[in-house]
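No experiment lies behind these values; they were computed from the predicted model shown. Within every chain, numbering begins at 1; the chains are lettered A, B, ... in the order of the sequence lines, protein sequences first and strands thereafter.
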There are 4 protein chains.
Amino acid sequence: MARGDIPGATGAKKGRPLSEKTEAAILEATAQLLAEKGLAHLTIEEVAARAGVGKASVYRRWPSKGTLAFDAFESDFLSRQPLPNTGDLRGDLLAALRAWVRTVRDTPIGRTLRGLIGEVQRDPALEGIWRERFMTPVRARHRALVDRAVARGTIPPGTDSDLVMDMLYGAAYHRLLQGHLPLNDQFVRVLVDAVVASIGAVEP
Amino acid sequence: MARGDIPGATGAKKGRPLSEKTEAAILEATAQLLAEKGLAHLTIEEVAARAGVGKASVYRRWPSKGTLAFDAFESDFLSRQPLPNTGDLRGDLLAALRAWVRTVRDTPIGRTLRGLIGEVQRDPALEGIWRERFMTPVRARHRALVDRAVARGTIPPGTDSDLVMDMLYGAAYHRLLQGHLPLNDQFVRVLVDAVVASIGAVEP
Amino acid sequence: MARGDIPGATGAKKGRPLSEKTEAAILEATAQLLAEKGLAHLTIEEVAARAGVGKASVYRRWPSKGTLAFDAFESDFLSRQPLPNTGDLRGDLLAALRAWVRTVRDTPIGRTLRGLIGEVQRDPALEGIWRERFMTPVRARHRALVDRAVARGTIPPGTDSDLVMDMLYGAAYHRLLQGHLPLNDQFVRVLVDAVVASIGAVEP
Amino acid sequence: MARGDIPGATGAKKGRPLSEKTEAAILEATAQLLAEKGLAHLTIEEVAARAGVGKASVYRRWPSKGTLAFDAFESDFLSRQPLPNTGDLRGDLLAALRAWVRTVRDTPIGRTLRGLIGEVQRDPALEGIWRERFMTPVRARHRALVDRAVARGTIPPGTDSDLVMDMLYGAAYHRLLQGHLPLNDQFVRVLVDAVVASIGAVEP
DNA sequence: TCGTAACCGAGACGGTACGTCTGGTCTTTTT
DNA sequence: AAAAAGACCAGACGTACCGTCTCGGTTACGA
């Protein structure tokens with residue numbers, strides 16, 4: 001986990017507790033600076049200054065720039081990934097992927113996401129956190145769509161939902177990170193069609 | 001391109017030309033250090049020292065760590081991506097993807113590739129170079145496999161080869177960068193099968 | 001003044017105060033290196049290394065090599081300039097000038113003084129500091145000898161003590177800096193005699 | 001001497017002779033830059049660029065910045081030091097010192113002279129050249145005034161002309177280099193008076 | 001209710017690496 | 001073979017941040 005814990009939850013504590021105000025100020029400053037200059041040019045020094053906080057108060061809570069940025073980023077991103085229910089798999093996947101594309105393409109979140117993934121590549125300490133707190137919940141949410149289709153009986157029960165996720169979001173992340181081709185609606189449609197076709201889906 | 005040019009190709013040159021020896025020493029030192037400590041902990045300072053070269057001689061050629069690392073990495077990686085010809089599409093894709101997986105999973109190249117992609121996310125100046133010199137040639141080589149299958153008539157002529165590439169390599173890069181699931185042969189097989197199925201390939 | 005101030009004198013202080021240990025280590029290292037290799041070959045890098053201190057800790061206190069060297073030099077030099085009281089002007093001037101000559105001719109201080117004056121010629125920012133902290137106190141000390149003679153009534157009341165100082169020490173600095181003739185006791189004697197003669201001094 | 005010799009004078013020469021044009025361009029550029037930014041901020045790099053000449057062509061002729069600057073400075077300065085003949089010593093010394101003061105106070109030459117003397121303090125290799133080519137001729141010229149007075153019989157035959165020079169010019173250089181008091185005509189007058197008085201000069 | 005442990009903002013600490021600059025030398029090509 | 005150009009190695013420059021430590025002061029528990 002990025003931070004220690006919700007204060008008061010773990011038990012024994014002496015002395016003055018961590019101030020929630022300080023924490024909020026840090027996260028707010030981080031979010032601002034993240035949008036303004038990107039993760040690469042974010043510095044703890046500046047976060048502390050902007051938040052009106054000592055650097056130690058930042059390091060007391062987050063061990064690195066990545067973990068801090070991650071916390072500031074997380075909730076924002078997740079809230080933009082809906083769990084659609086259109087009645088059939090193609091529709092659900094289309095809606096989910098479209099929401100993803102809009103988020104990363106049309107908001108500063110895309111840039112931050114790219115920077116964060118970049119950071120994860122260089123800091124092994126971030127890998128676990130990133131997977132646990134970001135990849136796992138997002139994938140779970142998306143996989144639910146596939147599982148629902150299995151339950152409905154419109155796709156075979158043995159469908160490898162991990163593979164489906166990797167084909168869909170792998171392709172999408174690929175275009176986000178490599179930028180070799182546009183992330184547009186045309187791409188989303190043909191991608192979802194191809195993936196649905198590969199499952200051997202029965203038309204409802 | 002990362003550096004100026006092929007020496008001597010552009011024409012006018014006065015004064016002492018850039019020494020090829022110096023350049024070779026820098027690239028060699030960079031490759032060594034890249035393998036030893038990864039891109040994140042590679043420093044120009046150390047490259048220069050190891051190469052027995054002044055820092056200015058490095059900056060004269062490459063404007064940043066990323067461009068330098070990229071040049072040292074490029075040829076090494078590309079040489080490990082064969083152009084298989086097994087006679088059918090599935091076999092070709094399997095061979096190509098297996099080679100890729102072996103390279104990134106079993107050699108230090110995988111770590112460097114991850115670091116380099118991370119670097120590309122933070123340095124906009126690298127994006128173009130990366131795409132032009134890395135993504136484009138590698139994709140072209142892989143796409144040739146699909147085009148050959150179209151020529152053979154085993155898959156429909158309108159097949160979107162870009163999409164095929166994105167599903168295959170998007171998924172593979174996804175696992176490389178996110179590490180949520182292993183990059184093993186089982187994954188390669190089911191991925192190729194699913195992608196081939198999605199194309200509506202005719203069995204030969 | 002080279003540095004901020006006597007710590008704690010100015011009032012408001014926030015954050016960790018400058019460590020006196022660090023400052024002492026820097027001054028000590030500077031003094032050593034000044035004697036070893038002269039001001040011209042003194043580098044902040046080496047001062048920091050020798051003092052076991054970060055470069056920033058040096059720059060935090062002194063804005064330039066010259067100001068640092070000056071601070072390290074100052075007390076050492078001044079302590080070697082006595083305020084003689086032999087009873088008559090000639091004896092006082094002889095004693096003072098002999099002490100000066102011995103200091104600059106027989107110790108490494110002479111070399112440092114030359115280097116420092118050289119530095120002052122090239123860095124306008126040093127001029128004021130040099131004058132205020134070096135020339136003014138030293139001259140004041142020496143002029144006191146002349147003023148005492150006036151008080152005694154052995155020389156005319158209107159004597160221009162600045163001119164006397166300039167003839168005496170001007171000539172001495174001239175030989176120190178230009179090296180055209182030796183700085184020996186013979187020189188000191190005839191110089192003092194000539195200057196005393198020029199004043200129209202009454203023999204006591 | 002700063003440079004080798006008058007080109008072509010020494011005899012044996014093979015290959016292309018040193019170009020007088022090149023030399024003139026370098027000296028001209030040096031003089032300009034000396035006046036513009038002072039010796040301290042003069043760089044061989046910039047001299048070469050301004051002269052439209054390779055750096056090596058500069059180093060071929062002058063071994064260091066100081067020697068080059070010195071050559072560019074020398075003739076200019078000496079031409080401004082007249083050999084007055086007013087008929088009596090006081091008048092001669094007054095005229096000579098006034099010319100000196102005007103030169104160093106009212107032209108960029110003063111700044112350059114200060115810089116040059118500063119440079120001499122740091123570069124032992126310059127000392128000899130400086131003394132030989134600058135101090136010695138200038139002092140000789142000035143001392144001639146005193147010697148003439150001896151010949152005239154207006155001052156004692158045993159007069160120490162070196163001491164007279166040191167009192168006069170020592171005081172003047174002192175004010176130039178230390179800047180503690182102004183270099184004005186009032187100073188010149190009282191200085192000359194005091195020095196002449198110290199000699200025990202007979203009124204003519 | 002009081003001691004004390006852990007917090008607070010501020011900023012100095014020892015460091016690393018940056019990208020730039022200069023010095024003096026070396027190596028091409030041109031004249 | 002010298003000139004002009006400019007790359008060569010070396011390393012100091014001053015800056016930016018790093019993550020830690022110290023300062024004097026302030027909470028808010030728990031003994």
Sequence neighbours excluded, which residues qualify as side-chain contact (heavy atoms from CB on, under 4.5 Å) partners of A25(D)?
-> A51(D)
Expressed in angstrom and rounded to an integer, what is the separation of [X] atom [atom1] from [N] atom [atom2]?
{"X": "R50(A)", "N": "dC17(F)", "atom1": "CZ", "atom2": "P", "answer": "13 Å"}
{"X": "H41(C)", "N": "dT22(E)", "atom1": "NE2", "atom2": "P", "answer": "18 Å"}
{"X": "Y59(C)", "N": "dC13(E)", "atom1": "OH", "atom2": "P", "answer": "15 Å"}
{"X": "W62(C)", "N": "dT15(F)", "atom1": "CH2", "atom2": "P", "answer": "16 Å"}
{"X": "K65(C)", "N": "dC13(F)", "atom1": "NZ", "atom2": "P", "answer": "7 Å"}
{"X": "E46(B)", "N": "dC18(E)", "atom1": "CD", "atom2": "C1'", "answer": "15 Å"}

Do R50(C) and E28(C) sit within salt-bridge range, that is, some charged N less than 4.0 Å from a carboxylate O?
-> no
How far apart are the closest heavy atoms of A69(B) and L34(B), and which atoms are they?
-> O-CD2, 4.0 Å
Return the minimal non-hydrogen interatomic distance between T22(C) and S57(C), and the atom names on each side.
-> CG2-CB, 4.2 Å
Identify each atom pair where a protein N or O and an N or O of nucleotides 8-12 of chain F are less than 3.5 Å apart, giving names and distance.
from	atom 1	to	atom 2	distance (Å)
dC8(F)	OP1	S19(B)	N	3.2
dC8(F)	OP1	R61(B)	NH1	3.4
dC8(F)	OP1	R61(B)	NH2	2.5
dC8(F)	OP2	R60(B)	NH1	2.3
dC8(F)	OP2	R61(B)	NH1	3.2
dC9(F)	OP2	S57(B)	OG	2.7

Residues which pass salt bridge (Lys or Arg N to Asp or Glu O under 4.0 Å) with K65(D), listed by chain and number, not counting sequence neighbours | none
Salt bridge (Lys or Arg N to Asp or Glu O under 4.0 Å) filter on R16(B), not counting sequence neighbours, yields none
With under 30° as parallel and over 60° as perpendicular, where do the rings of F134(B) and F70(B) fit, or are they tilted in between?
-> perpendicular
Backbone N/O of L116(A) and side chain of Q121(B): donor-acceptor pair under 3.5 Å = no
Using atom types as modelled and distance alone, determine if a side-chain donor or acceptor of R111(B) lies under 3.5 Å from a backbone N or O of L39(B).
-> no
Which of residues 115-125 of chain B sit near DNA chain F, with a heavy atom under 4.0 Å from it?
-> none
Residues from residues 30-38 of chain B sitting under 4.0 Å of DNA chain F, heavy atoms only?
-> none
Quick one: does T30(A)'s side chain get under 4.5 Å of F73(A)'s, heavy atoms only?
-> no
Nearest 0.5 Å, what's the CZ-CD1 distance between R114(B) and I117(B)?
-> 9.5 Å
